[in-house]
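Notes for the one structure printed next.
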Amino acid sequence: MKIIIKATNFSLTPSLKNYVLQKLDSDLERFAGIHSEVTAWVEIRKTTRHHRKGEVFRAEIQVRLPGDKTIRAESTAVEVHSAIDNVRDIVARELKGYKNKKSALTKRRARTIKKDLKLAP
């Protein structure tokens with residue numbers, strides 16, 4: 001698993017980098033499984049250089065999963081940490097749906113094979 005973090009229009013501090021890694025690593029491990037092909041790109045951006053009020057920070061995450069599946073989410077907020085938390089929640093919801101869909105498809109295929117082999121009534 002690989003997580004690439006990029007900061008735009010401000011400097012990425014080590015504490016912010018650790019915060020992002022801490023928030024995303026557990027979700028990606030839990031929902032995407034232990035695939036080495038999973039790659040996540042995280043961009044944290046300050047949308048403007050001179051405004052100080054309002055939704056100034058934007059966080060975007062793109063997760064590439066096996067089988068050409070990509071999950072993308074973005075969020076804007078007043079603080080950097082809240083933008084990261086919001087986008088993490090969106091990605092976690094999408095990954096949970098992906099995992100449930102994948103397991104349901106596997107079960108459906110198993111039922112079909114079992115029915116074709118006439119192992120079940």
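Computed from a predicted structure; not experimentally measured.
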In Å, rounded to the nearest 0.5 Å, how long is the span from [atom1] of [X] to [atom2] of [Y]?
X      : Y      : atom1 : atom2 : value
Lys6   : Glu60  : NZ    : CD    : 9.5 Å
Thr106 : Arg111 : OG1   : CZ    : 11.0 Å
Leu65  : Ile71  : CG    : CD1   : 5.0 Å
Arg88  : Ile84  : CZ    : CD1   : 10.5 Å
Ile44  : His81  : CD1   : NE2   : 9.0 Å
Gln62  : Ile4   : CD    : CD1   : 10.5 Å

Please check if the side chain of Thr47 supplies one atom and the backbone of Val56 the other of a donor-acceptor pair under 3.5 Å.
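Looks like yes, one N/O pair under 3.5 Å.
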Minimum heavy-atom separation for [X] to [Y], with atom names?
X     : Y     : result
Ser82 : Ala77 : OG-CB, 3.2 Å
Thr8  : Glu43 : OG1-OE2, 3.0 Å
Lys46 : Asn9  : O-ND2, 2.9 Å
Val87 : Ala73 : CG2-O, 3.4 Å

If you define the side chain from C-beta out and look only at heavy atoms, does anything of [X] sit under 4.5 Å from [Y]?
X      : Y      : result
Trp41  : Arg64  : yes
Ile90  : Ile61  : no
Arg108 : Leu105 : yes

Dump the intermediate steps for side chain to side chain contact (heavy atoms under 4.5 Å, CB included) on Leu16 and Phe10, then the final yes or no.
CA-CA 12 Å; Leu16 187 61; Phe10 75 102; 3.7 Å; yes
